[in-house]
Amino acid sequence: MEEEFNFIKRALEIARESKRKGLRPFGAVLVNDKQQIVMEAFDMRDDLSDPTAHPEIYLISTYCRKVKKQNLKGYSIYTNIEPCSMCSGAIRSSRISKVVFSVPQSILRKYSGGKTKINSQDILKYSRGEIIVKGLILLEEGISIIKGYNFNKSYINVK
(Lines give C-alpha, C1' and ligand atoms only; values in the text may rest on other atoms or scores of the structure.)
Protein backbone atom coordinates (compact mmCIF):
# COMPACT_ATOMS: atom_id res chain seq x y z
CA MET A 1 0.00 0.00 0.00
CA GLU A 2 1.47 3.32 -1.13
CA GLU A 3 0.18 5.26 1.90
CA GLU A 4 2.04 2.89 4.23
CA PHE A 5 5.30 3.59 2.42
CA ASN A 6 4.68 7.34 2.62
CA PHE A 7 4.03 7.14 6.37
CA ILE A 8 7.07 4.97 7.10
CA LYS A 9 9.19 7.24 4.88
CA ARG A 10 8.04 10.18 6.98
CA ALA A 11 9.03 8.36 10.20
CA LEU A 12 12.44 7.68 8.63
CA GLU A 13 12.80 11.36 7.66
CA ILE A 14 12.05 12.41 11.24
CA ALA A 15 14.65 9.96 12.57
CA ARG A 16 17.23 11.18 10.04
CA GLU A 17 16.54 14.82 10.97
CA SER A 18 16.82 13.94 14.66
CA LYS A 19 20.21 12.32 14.05
CA ARG A 20 21.40 15.40 12.10
CA LYS A 21 20.51 17.53 15.13
CA GLY A 22 22.65 15.29 17.34
CA LEU A 23 19.65 13.65 18.98
CA ARG A 24 18.85 9.95 19.19
CA PRO A 25 17.90 8.66 15.69
CA PHE A 26 14.28 7.72 16.35
CA GLY A 27 11.06 9.00 14.81
CA ALA A 28 7.38 8.12 14.74
CA VAL A 29 4.18 9.17 13.03
CA LEU A 30 0.62 8.75 14.29
CA VAL A 31 -2.03 8.25 11.60
CA ASN A 32 -5.77 8.41 12.25
CA ASP A 33 -8.50 6.18 10.87
CA LYS A 34 -8.89 8.55 7.88
CA GLN A 35 -5.26 7.88 6.88
CA GLN A 36 -4.10 11.38 7.90
CA ILE A 37 -0.98 12.14 9.91
CA VAL A 38 -2.21 13.72 13.14
CA MET A 39 1.12 13.96 14.95
CA GLU A 40 4.85 13.37 14.51
CA ALA A 41 7.63 13.04 17.07
CA PHE A 42 11.29 12.30 17.56
CA ASP A 43 12.90 11.00 20.73
CA MET A 44 12.25 13.60 23.47
CA ARG A 45 14.18 11.96 26.31
CA ASP A 46 17.02 14.47 26.38
CA ASP A 47 14.85 17.55 25.77
CA LEU A 48 12.43 16.62 28.55
CA SER A 49 14.85 14.82 30.89
CA ASP A 50 12.33 12.00 30.74
CA PRO A 51 13.53 8.46 30.12
CA THR A 52 10.01 7.47 29.03
CA ALA A 53 9.76 10.09 26.26
CA HIS A 54 10.37 7.72 23.36
CA PRO A 55 8.65 8.97 20.18
CA GLU A 56 5.81 6.43 20.45
CA ILE A 57 4.96 7.27 24.05
CA TYR A 58 5.38 11.00 23.45
CA LEU A 59 3.00 10.79 20.47
CA ILE A 60 0.39 8.77 22.31
CA SER A 61 0.37 10.75 25.54
CA THR A 62 0.51 14.18 23.88
CA TYR A 63 -2.13 13.34 21.28
CA CYS A 64 -4.51 11.72 23.77
CA ARG A 65 -4.30 14.74 26.08
CA LYS A 66 -4.83 17.09 23.13
CA VAL A 67 -7.98 15.35 21.83
CA LYS A 68 -9.11 14.21 25.29
CA LYS A 69 -9.48 10.54 24.49
CA GLN A 70 -7.60 7.39 25.41
CA ASN A 71 -8.91 4.91 22.83
CA LEU A 72 -7.07 5.17 19.51
CA LYS A 73 -8.75 2.22 17.85
CA GLY A 74 -8.40 2.57 14.08
CA TYR A 75 -5.18 4.56 14.40
CA SER A 76 -1.76 3.40 13.21
CA ILE A 77 1.75 4.20 14.36
CA TYR A 78 4.75 4.18 12.03
CA THR A 79 8.27 4.07 13.47
CA ASN A 80 11.78 3.71 12.17
CA ILE A 81 12.56 1.19 14.95
CA GLU A 82 10.36 -1.62 16.26
CA PRO A 83 8.72 -0.35 19.45
CA CYS A 84 10.40 -1.42 22.67
CA SER A 85 8.47 -3.22 25.40
CA MET A 86 7.55 0.04 27.16
CA CYS A 87 6.23 1.61 23.96
CA SER A 88 4.43 -1.60 23.00
CA GLY A 89 2.64 -1.48 26.34
CA ALA A 90 1.50 2.09 25.62
CA ILE A 91 0.39 1.10 22.12
CA ARG A 92 -1.58 -1.79 23.61
CA SER A 93 -3.15 0.39 26.33
CA SER A 94 -4.22 3.04 23.82
CA ARG A 95 -5.70 0.33 21.55
CA ILE A 96 -3.84 1.49 18.44
CA SER A 97 -4.81 -0.91 15.64
CA LYS A 98 -1.64 -1.12 13.58
CA VAL A 99 2.13 -0.82 14.10
CA VAL A 100 4.49 -0.51 11.13
CA PHE A 101 8.26 -0.29 11.57
CA SER A 102 11.45 -0.42 9.57
CA VAL A 103 14.22 -1.86 11.77
CA PRO A 104 13.54 -4.67 14.26
CA GLN A 105 14.94 -4.58 17.80
CA SER A 106 17.29 -7.47 16.92
CA ILE A 107 19.08 -5.35 14.30
CA LEU A 108 19.05 -2.20 16.45
CA ARG A 109 20.84 -4.23 19.13
CA LYS A 110 23.70 -4.97 16.70
CA TYR A 111 24.32 -1.23 16.24
CA SER A 112 23.49 0.01 19.74
CA GLY A 113 25.21 -2.69 21.75
CA GLY A 114 22.03 -3.02 23.78
CA LYS A 115 20.67 -6.15 25.36
CA THR A 116 18.15 -8.50 23.81
CA LYS A 117 14.64 -7.14 24.17
CA ILE A 118 11.22 -8.70 23.86
CA ASN A 119 9.84 -8.04 20.41
CA SER A 120 6.70 -5.95 20.05
CA GLN A 121 4.62 -8.81 18.63
CA ASP A 122 5.08 -10.83 21.82
CA ILE A 123 3.63 -7.97 23.87
CA LEU A 124 0.96 -6.81 21.44
CA LYS A 125 -0.53 -10.27 20.93
CA TYR A 126 -2.07 -10.01 24.41
CA SER A 127 -4.11 -6.91 23.56
CA ARG A 128 -7.87 -6.65 23.45
CA GLY A 129 -8.60 -7.00 19.79
CA GLU A 130 -6.01 -7.71 17.17
CA ILE A 131 -3.14 -5.32 16.54
CA ILE A 132 -1.60 -5.68 13.11
CA VAL A 133 2.21 -5.56 13.24
CA LYS A 134 4.26 -5.13 10.05
CA GLY A 135 8.01 -4.87 10.07
CA LEU A 136 11.09 -4.65 7.92
CA ILE A 137 9.58 -1.93 5.72
CA LEU A 138 12.37 -0.01 3.94
CA LEU A 139 14.84 -1.91 6.10
CA GLU A 140 18.06 -0.81 4.37
CA GLU A 141 17.05 2.84 4.59
CA GLY A 142 16.22 2.35 8.26
CA ILE A 143 19.57 0.72 8.97
CA SER A 144 21.41 3.56 7.22
CA ILE A 145 19.97 5.99 9.78
CA ILE A 146 21.17 4.12 12.86
CA LYS A 147 24.55 3.17 11.34
CA GLY A 148 27.34 5.24 12.80
CA TYR A 149 25.29 6.73 15.64
CA ASN A 150 27.09 6.54 18.99
CA PHE A 151 24.45 4.97 21.22
CA ASN A 152 26.90 4.90 24.13
CA LYS A 153 27.34 8.66 24.43
CA SER A 154 26.00 10.04 27.66
CA TYR A 155 22.64 11.73 27.80
CA ILE A 156 22.47 15.48 27.96
CA ASN A 157 22.39 16.64 31.56
CA VAL A 158 19.78 19.36 31.88
CA LYS A 159 19.92 21.39 35.09
Given the rule in the side-chain contact (heavy atoms from CB on, under 4.5 Å) test, do Arg45 and Asp50 qualify, once you have shown the distances and angles that lead to the verdict?
CA-CA 5 Å; Arg45 287 183 282 185; Asp50 180 354; 5.8 Å; no

Start with the C-alpha gap between Phe7 and Phe5, add the side-chain angles, then the distance that decides, and say whether side-chain contact (heavy atoms from CB on, under 4.5 Å) holds.
CA-CA 5 Å; Phe7 297 141; Phe5 280 105; over 6 Å; no

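Looking at Glu4 and Lys98, a side-chain N of the basic residue comes within less than 4.0 Å of a carboxylate O on the acidic one, giving a salt bridge. A salt bridge links Lys21 with Glu17; the closest basic N to acidic carboxylate O contact falls under 4.0 Å. Remark: Glu13 does not engage Arg16 in a salt bridge, criterion side-chain N to carboxylate O under 4.0 Å.
No path of Ile, Leu, Val, Met, Phe, Trp and Tyr side chains, each step under 4.5 Å between heavy atoms, connects Leu30 with Ile57, placing them in separate hydrophobic clusters. Cluster annotation: Met86 is not connected to Leu72 through the hydrophobic network of ILVMFWY side chains, with a link wherever side-chain heavy atoms come within less than 4.5 Å. When the side chains of ILVMFWY residues are joined at heavy-atom separations under 4.5 Å, either directly or via intervening members, Ile96 and Ile132 end up in two distinct hydrophobic clusters.
Under the side chain to side chain donor-acceptor pair (under 3.5 Å) criterion, the residue pairs touching residues 58-67 are Tyr63-Tyr75, with sequence neighbours excluded.
Nearest heavy atoms, Leu139 versus Ser102: CD1-O, 3.5 Å. The two residues Pro55 and Ala41 make their nearest non-hydrogen contact at CB-O, 3.7 Å. In this structure, Gly27 and Ala15 approach most closely via the heavy-atom pair N-CB, 3.7 Å. When every heavy atom of Gly142 is checked against every heavy atom of Leu12, the shortest pair comes out as CA-CD2, 3.6 Å. Nearest approach of Glu40 to Ile37, heavy atoms of both residues: CG-CG2, 3.8 Å. Across all their heavy atoms, Ala11 and Asn80 have their closest contact at CB-N, 4.1 Å.
Under the 3.5 Å distance criterion, the side-chain polar atoms of Ser18 are left unmatched by any main-chain donor or acceptor of Ile14. Distance alone, capped at 3.5 Å, is enough to place a donor-acceptor pair between the Lys19 side chain and the Ile145 backbone. Looking only at distances, no side-chain donor or acceptor of Ser93 sits under 3.5 Å from a matching main-chain atom of Ala90. Counting only distance, with no hydrogens or angles, the side chain of Asp46 and the backbone of Leu23 share no donor-acceptor pair below 3.5 Å.
Between atom CD of residue Glu141 and atom CD1 of residue Ile8 there is a gap of 9.5 Å, rounded to the nearest 0.5 Å. Atoms CD and CD1, from Glu56 and Ile81 in turn, are 9.5 Å apart once rounded to the nearest 0.5 Å. Taken from OG1 in Thr52 to CE in Met44, the straight-line distance is 11.5 Å, to the nearest 0.5 Å. Expressed to the nearest 0.5 Å, how far OG of Ser120 lies from CD1 of Ile91 amounts to 7.0 Å. How far NZ of Lys134 is from OH of Tyr78: 7.5 Å, rounded to the nearest 0.5 Å. Separation of atoms SG (Cys84) and NE2 (His54) is listed at 5.0 Å; rounding is to 0.5 Å.
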What side-chain donor-acceptor pairs closer than 3.5 Å can you find for residues 103-115, not counting sequence neighbours?
from   : atom 1 : to     : atom 2 : distance (Å)
Gln105 : NE2    : Glu82  : O      : 2.7
Ser112 : OG     : Leu108 : O      : 3.1
Ser112 : OG     : Gly114 : N      : 3.1

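Looking at heavy atoms from C-beta onward, Lys9 lies in side-chain contact with Leu138 at the 4.5 angstrom threshold. Contact of the Cys64 side chain with the Lys69 side chain is not registered, since no non-hydrogen atoms from C-beta on lie closer than 4.5 Å. For the pair Val99/Leu124, a side-chain contact is recorded, criterion being any heavy-atom separation below 4.5 Å from C-beta on.
With Phe101 as the fixed residue, the side-chain contact (heavy atoms from CB on, under 4.5 Å) test singles out one of Val133, Ile137, Ile77: Val133.
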